[in-house]
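What you see is a predicted model, and the numbers here were worked out from it, not measured in a lab.
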Amino acid sequence: MSNQAPNQARVIPLRPPAARPGTARPVSERPAASPPGQSPTAPVPLDAGARKEPLLRDLVGDVLRRERLAQERTLKDVADAARISMPYLSEVERGRKEASSEVLAAAAHALGLGLGDLLSLAQGELTRQARVGVTRRSTAPYNGLCLAA
């Protein structure tokens with residue numbers, strides 16, 4: 001063993017100092033007093049009609065994984081055919097990475113799909129989720145996903 005100092009990681013904060021918990025903010029920026037019986041850090045309830053929209057990367061990743069499993073192919077097999085790394089494809093499938101259109105097209109082609117097919121399947125999933133979870137209707141005549149090239 002050597003007598004070197006132990007490895008130490010440098011911490012780089014992702015939020016500005018004013019946004020970090022435990023950091024004092026000017027009185028003008030502090031939230032109003034909370035109602036009696038509710039803690040000041042309690043989450044604010046969403047409106048009855050409001051909900052979190054699904055992310056495109058999650059929808060596309062779900063479609064890629066579903067198609068790969070339907071074809072009974074391994075992650076390595078598809079990653080090799082698409083010429084992308086297996087860990088990166090795994091991250092894309094799990095919705096952890098925003099893949100470029102080139103990467104999505106390569107993964108889709110490796111599965112025998114076109115990029116349009118992949119996005120169309122993702123749109124179908126988005127529409128299905130919107131029908132299941134939405135309590136209010138949009139006034140727009142078309143509730144689909146539109147991507148322009």
Side-chain angles (χ1 to χ4, degrees), residues 1-2 4-25 29-31 34 38-149:
M1 293 265 172
S2 67
Q4 295 177 347
N7 290 337
Q8 293 182 347
R10 192 174 96 190
V11 177
I12 301 172
L14 298 177
R15 288 185 248 168
R20 273 188 257 146
T23 308
R25 291 188 286 186
E29 293 180 19
R30 291 185 188 154
S34 57
Q38 184 179 7
S39 72
T41 59
V44 177
L46 296 174
D47 294 340
R51 65 179 184 79
K52 189 175 179 180
E53 292 287 331
L55 297 175
L56 181 61
R57 68 178 183 231
D58 289 328
L59 296 170
V60 170
D62 289 343
V63 170
L64 286 172
R65 177 165 283 177
R66 191 170 47 244
E67 288 296 316
R68 178 177 61 79
L69 293 175
Q71 295 177 19
E72 298 180 355
R73 294 177 66 187
T74 64
L75 196 60
K76 181 173 180 9
D77 176 42
V78 175
D80 288 346
R83 298 181 55 86
I84 56 180
S85 75
M86 189 175 65
Y88 188 74
L89 180 58
S90 174
E91 295 280 302
V92 169
E93 282 188 356
R94 290 184 288 148
R96 304 247 173 136
K97 295 289 183 187
E98 288 278 357
S100 68
S101 57
E102 292 89 355
V103 169
L104 293 178
H109 286 113
L111 292 166
L113 301 170
L115 181 58
D117 298 326
L118 175 65
L119 296 176
S120 179
L121 290 168
Q123 177 202 1
E125 182 63 21
L126 178 63
T127 304
R128 186 192 67 74
Q129 286 184 16
R131 271 191 236 125
V132 170
V134 172
T135 57
R136 64 175 195 244
R137 288 214 175 262
S138 170
T139 57
Y142 181 70
N143 291 334
L145 175 69
C146 177
L147 297 174

*Which heavy atom in Ala81 sits nearest to a heavy atom in Ala110, and how many Å separate them?*
CB-CB, 3.8 Å
*asked:* To check you understand the geometry: which heavy-atom pair defines the closest contact between Val92 and Ala99, and what is its length?
replied: CG2-CB, 3.8 Å
*Does Asp77 have any salt bridge (charged side-chain N to carboxylate O under 4.0 Å, His left out) partners at least two apart in sequence or in another chain, and if so, which?*
Arg73
*Can you name the nearest heavy-atom pair linking Leu89 to Ala79, along with the distance?*
CD2-N, 3.7 Å
*Under 3.5 Å, side chain of Arg57 to main-chain N/O of Gly95, donor-acceptor pair present?*
yes
*Start with the C-alpha gap between Val103 and Ser100, add the side-chain angles, then the distance that decides, and say whether side-chain contact (heavy atoms from CB on, under 4.5 Å) holds.*
CA-CA 5 Å; Val103 169; Ser100 68; 3.4 Å; yes
_Gap separating the CG atom of Asp62 from the CG atom of Leu126, nearest 0.5 angstrom_ = 11.5 Å
*Lys97 to Tyr88 - nearest heavy-atom pair and separation*: CG-CE1, 3.9 Å
*asked:* I'd like to know if Arg96 pairs up with Glu91 as an ion pair, taking the criterion as any Lys NZ or Arg NE/NH1/NH2 lying under 4.0 Å from an Asp or Glu carboxylate oxygen.
replied: no
*Are Val78 and Gln71 side-chain neighbours, meaning at least one heavy-atom pair lies under 4.5 Å?*
no
*asked:* Tell me the closest heavy-atom pair linking Ala108 and Leu64, and the distance in Å.
replied: N-CD2, 4.4 Å
*With the side chain counted from C-beta on, respond yes when Leu104 and Ser101 share a heavy-atom pair under 4.5 Å apart, and no when they do not.*
no
*Just wondering, do Met86 and Thr74 contact through their side chains at under 4.5 Å, heavy atoms?*
no
_Would you compute the distance between atom CD of Gln123 and atom CG of Leu56 and round it to the nearest 0.5 angstrom?_
11.0 Å
*Identify the two heavy atoms, one from Ala122 and one from Val60, that lie closest to each other, and give their separation to 0.1 Å.*
CB-CG2, 4.0 Å
_Between Leu59 and Gln129, is there a side-chain heavy-atom distance shorter than 4.5 Å?_
yes
*How many angstroms lie between atom CG of Leu118 and atom CD of Glu67, to the nearest 0.5 angstrom?*
8.5 Å
*Would you call Lys76-Asp80 a salt bridge at under 4.0 Å N-O?*
yes
